[in-house]
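The sequence lines fix the lettering, A, B, ..., with proteins before strands; numbering per chain opens at 1.
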Amino acid sequence: MQELSPKYDPKEVEERWYKLWEERNYFKADPASPKPAFCIVIPPPNVTGSLHIGHALNNSLQDLMARYKRMNGFDVLWLPGCDHAAIATQNVVERQLAKQGVTRHDLGREKFLQKVWEWKEESGATIMRQLRRLGASLDWSRERFTMDEGLVEAVREVFVRMYEKGLIYQGDYVVNWCPRCGTALSDIEVLHKESEGKLYYVRYPVAGFPGTHVVVATTRPETIMGDVAVCVNPKDPRYTGLKDARLTLPLMGREIPLIADSYVEMDFGTGALKITPAHDANDFEIGNRFGLPRIKIMDPKGVMNEAAGRYAGLDRFAARKKVVADLEAAGLLEKVEPYQNAVGRCYRCDTVVESYLSLQWFMKMKPMAEKALAAMEKGETRFQPENWKKVYSDWLLGIRDWCISRQIWWGHRIPIYYNADRSKQCAAHSVSEAALKLGVPETEVQQDPDTLDTWFSAGLWPFATLGWPKETPELKRYYPTSMLVTSWDILSFWVARMSMFGLEIMGKVPFEEVFINSLVADEHGQKMSKTKGNVIDPLTKIDTIGADALRFALISIETQSRYISLSEERFEAGRNFTNKIWNAARFMLMNLKGLPEGPITRPRQESLELADRWILTRLDDTVREVTRQIEEGRQVNQAANSLHDFFWHDLCDWYIEAAKARLAGPVEEGATARATLAYTLETTLRLLHPFCPFITEEIWQMLPHGEVPSIMLASWPQPGAASDPVAEADFKILSDIVYAVRNIRGEMKVDAKKQVTAILLAPDQATLSLLVAQKALLESLGQMTISGLSAGAFEKPKGAASAVAGAVQVFLPLEGLLDLAVERTRLEKEMGRFQQLIEAIHKKLGNEQFVSKAPASVVEAERKKIAEYQSAIDKLGANLKELPA
RNA sequence: GGGUGGUUAGCUCAGCUGGUUAGAGCACCAGUCUUACAAACUGGGGGUCACUGGUUCAAAUCCAGUACCACCCACCA
């Protein structure tokens, strides 16, 4: 048996093993494998920098699942990759250029893109390095990028298909426009934040009737120059006399009509709404209904243009100030009220978004959303936790067409081509194809300058990364993917889009299960994000505490609530745990010398002592528990806790302590303890491996492991087949023993644990204790009441009962102890059935039978059980008397 | 205006389908160099499970309502 160094050096161990695993292709999927397939595609991190702790959590969870499934006999493909993150990345690079006083326009499209690619290479490499440090068992041979050749091909193919199907269309609409980024945004890229604003009441004089005016309330007086009408509700009595009136537009002098439309709310403001079709989405629609002109008064940078008359050249906010001042001077400003409203801001740069009329590309969403909803209803995709289904379906239900074009450079160029005068257009895969379709020479063909929303390519991720549009073996085998692990904040951005694209293009949902993980917040509950600057760098953490500790800390706080807050203590707890694993393993290995060669097997039942049986039982329980917790509901934090508690509090605190006496003795005497230790350690390491891959591998290698070269290839543990009576009575027996000893010895203040250990392991001590116990026990039996056993039909005195029951268990011969353990377990089970019985009868007969008491038959049955229990105790008590003094 | 989540120990939170005396980590108090581990060990203190009502033999858990705190969604200017 080899020995472990006294100090665990995570850095050395992690580097060494990751390299080996990768070299040996353990991460590699095999589409030709006879094993069942399990596939996760990584949520591609943005190439905007490096990974934050949220990524570390997300990827720890994916790695947990990947390793768990591998050990369960699956051929696992966990596919790595990055997202080009169009606007976000472009902004990062632009900011860098700005430091040198250069804009993207100075460089020109080609040169700028070259810069972004350089940045992408750097950031992408950093991210992949971080994932490796984390221990992520990603199949690096299949790494993808949302702008690699395959994705480019997939994007074009999807676009062309959908364009030709009429699902993608172009049109002049009022869209969300970020003047800083200089591009259109989709609805969900706009964040609405409440802010203090003002509501201005402006007088619009009625033409031909000096002295009369209509007062309009607006929050955006700078758009007055673009007004083409004032609208009131047709039912509004205040304005019935003004039907067909014309108003003079303040500051501009233009005459505009007063129109009536039921869209206008009578009780807001003055009930009169100014209509600015080029700068408000609702006004745009009303304008269309009335055939009104659209007057654009700003340029794409948010600066007023010639149409704004004397305000031309002013920034929109400066224009607002000047307009208000001018209105006031002209006596047209009736009043100004403070007003709170939700101003839309760019989700990437926080600039106030402008509603702006422009020619954009849109995708029809209704038909796709319906398919996605239907698939969800049918349960083709499961959500974990399930309550996210509602958020997801609500969004799909209220979906509107998606603005997919962006006026930025970094991204997939829209595959639309025009002839010279733009009188003809087509969607095509290439210039040559476009030339053919348009019937013009290639030199005349021009491609649309816009790029696609970054979520367009992200939406294709699950099938495009598997090779689509080519029919690859990977696509055939791994689509639909098994599981998507992601956080809830991109449910509509990404998850819904993937579902819709998957159903539209592949005819199948892209994943069978969506596992939603929490967002990581700092200890003040603040969301951690790159832009906020409160991120914890996972690499720094890995450097100081090791990847396993970080992973364990993260997994054990993942409770599937929305936010989980992370503090320094959590990491310390993780580090302490890996430290404990190391030290315990070190101790065990020191004591395992002389263990037979070959794979470790479960020790033979007949040679086991109580402590051995107990730890093996707890081990079996833990195997079952952890498996269930991972399988059912992905309760990974509970699985981590189960493992933590078993390892630390059962194995280390109790079993190892109890085994020390035997291990100290002659070799033969400790053989069973040694075999049990080895088996327990080996099994536990396998259970821990998906959580803490490195340290488990390092220790596991020190144990005999037969033909299996790595714990990665070992199988997931199965609970032992043999059922042990102690197994059913579980850990509570031992805790009862502790209390019993304390209770009986009372004022003696014994060290309970040592005492129990002594009783279990040293017969002399036990005999001694028996004598002490005898008297107390017999006295106690006299007072013993039926308690703690069940329900309200019986009295339930507090106090010593369970301790006494425990005392009975300890100080009696082993057979008696087991009998009682079995009996107790049986009674506990009876309790469960008792309840079910009540429920069943309850259902049949209705409430009146059970006003306050349980039914007689049940009470009778319960009494009988108790009597049996009592007599068993009496009998054992009698045996006790006969023991030698 | 709609919706979702939360409220459990000093702090951060677990607590699955109701069931013995409600748990963990950290913090706190008193001890401890005991065959690995002081990043440890032993023992201990600390909770009217937000509130009110209901269902039940039994409620932190299920139901209804209230309060407070978050968050998300929405085209009242």
Salt-bridge criterion met for A:Lys541 and A:Glu568 (N-O under 4.0 Å) |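 Result for this pair is yes, salt bridge flagged.
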Does the distance from a Lys or Arg side-chain N to an Asp or Glu carboxylate O, for A:Glu572 and A:Arg570, drop under 4.0 Å?
->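 No, no charged N to carboxylate O under 4.0 Å.
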Any idea which of [options] is nearest the [X] side chain?
X	options	result
A:Tyr339	B:A77, B:A36, B:G15	B:A77
A:Tyr263	B:A77, B:C26, B:A14	B:A77
A:Cys652	B:A14, B:A36, B:C37	B:A36
A:Asn583	B:A77, B:C37, B:C71	B:C37
A:Phe268	B:C76, B:A39, B:A40	B:C76
A:Leu273	B:U42, B:A77, B:C13	B:A77
A:Ala573	B:C76, B:G25, B:C16	B:G25
A:Arg586	B:C26, B:C13, B:A36	B:A36
A:Lys660	B:A36, B:A39, B:C75	B:A36
A:Gln638	B:C41, B:A36, B:A14	B:A14

Please give the distance between the [atom1] atoms of [N] and [M] as a whole number of Å.
N	M	atom1	result
B:A30	B:G45	P	15 Å
B:C63	B:U55	P	16 Å
B:C13	B:A27	C1'	14 Å
B:A60	B:C16	C1'	14 Å
B:A74	B:C28	C1'	49 Å
B:A14	B:C57	C1'	29 Å
B:A67	B:C51	P	16 Å
B:G65	B:C71	C1'	23 Å

May I ask you to verify if any side-chain N or O of [X] is less than 4.0 angstrom from the OP1 or OP2 atom of [N]?
X	N	result
A:Lys580	B:C41	yes
A:Thr559	B:A14	yes
A:Arg570	B:C13	no
A:His649	B:C41	no
A:Ser565	B:C13	yes
A:Asn576	B:G25	no

Report which part of the nucleic acid [X] touches: base, sugar-phosphate, or nothing (heavy-atom distance under 4.0 Å, all strands).
X	answer
A:Arg400	base
A:Val264	base
A:Gly271	base

When A:Gln638 is tested against each of A:Gln629, A:Glu558, A:Arg628 for side chain to side chain contact (heavy atoms under 4.5 Å, CB included), which residue passes?
->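 Between A:Gln638 and the candidates, side chain to side chain contact (heavy atoms under 4.5 Å, CB included) is satisfied uniquely by A:Gln629.
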Only residue of A:Leu4, A:Ile581, A:Asn591 satisfying side chain to side chain contact (heavy atoms under 4.5 Å, CB included) with A:Arg586 is A:Leu4
Along RNA chain B (nearest heavy atom to each residue), the more 5'-positioned of A:Ala585 and A:Gln635 = A:Gln635
Would you sketch RNA chain B in dot-bracket for me? Only Watson-Crick or G-U wobble pairs with both distances under 3.5 Å count, crossing pairs as [ ], other-strand pairs as |, the rest as dots.
-> (((((((..((((.....[...)))).(((((.......))))).....(((((..]....))))))))))))....
Angle class for the A:Phe268/A:Tyr339 ring planes (parallel below 30°, perpendicular above 60°, tilted otherwise)?
->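 Perpendicular.
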Using the ring of each side chain (for Trp, its six-membered ring), is A:Phe647 parallel, tilted or perpendicular to A:Phe577, with breaks at 30° and 60°?
-> perpendicular
Rounded to the Å, how far apart are [X] [atom1] and [N] [atom2]?
X	N	atom1	atom2	result
A:Trp582	B:A38	CH2	C1'	20 Å
A:Tyr563	B:C72	OH	P	6 Å
A:Phe646	B:A24	CZ	P	18 Å
A:Glu265	B:C76	CD	C1'	5 Å
A:Gln629	B:U17	CD	P	13 Å
A:Asn176	B:A74	CG	C1'	13 Å
A:His644	B:A39	NE2	P	16 Å
A:Asp489	B:A70	CG	C1'	16 Å

Looking only at side chains, do A:Lys580 and A:Thr578 share a donor and an acceptor under 3.5 Å apart?
->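 No, no side-chain donor-acceptor contact under 3.5 Å.
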May I ask you to check whether A:Tyr173 and A:Asp401 show a side-chain donor-acceptor distance below 3.5 Å?
->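 Per modelled atom types, A:Tyr173 and A:Asp401 side chains form no pair under 3.5 Å.
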Name the pairs: protein N/O against N/O of nucleotides 63-65 of chain B, kept only if under 3.5 Å.
none

About how many Å separate CD1 of A:Ile224 and CZ of A:Arg320, when rounded to the nearest 0.5 Å?
-> 11.0 Å
Nearest-0.5 Å distance, OG of residue A:Ser565 to CD1 of residue A:Ile557 | 7.5 Å
Cationic tip of A:Lys390 above A:Phe383 ring, under 6.0 Å, 45° of axis |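 No - A:Lys390 does not lie over the ring of A:Phe383 by the 6.0 Å and 45° rule.
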Table of protein N/O atoms under 3.5 Å from nucleotides 4-11 of chain B N/O atoms:
unit_1, atom_1, unit_2, atom_2, d
B:U4, O2', A:Arg562, NH2, 2.4

Go through the N and O atoms of the side chain of A:Arg628 and the base of B:C16, and report whether any donor-acceptor pair is under 3.5 Å.
->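 In this structure, the two groups form a donor-acceptor pair.
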Trace of the ring pair (Phe, Tyr, Trp, His ring centres under 6.0 Å) decision for A:Tyr563 with A:Trp488 = CA-CA 10 Å; A:Tyr563 292 97; A:Trp488 49 268; 5.5 Å; yes
A:Ser355/A:Asp280 under side chain to side chain donor-acceptor pair (under 3.5 Å): CA gap, chis, key distance, verdict = CA-CA 5 Å; A:Ser355 291; A:Asp280 184 282; 5.3 Å; no
Expected output: side-chain A:Asp283 to main-chain A:Pro277 donor-acceptor under 3.5 Å = no
Any chance you could lay out the salt bridge (Lys or Arg N to Asp or Glu O under 4.0 Å) test for A:Arg316 and A:Glu354, step after step, and finish with the verdict?
-> CA-CA 10 Å; A:Arg316 53 192 170 144; A:Glu354 202 59 45; 2.6 Å; yes
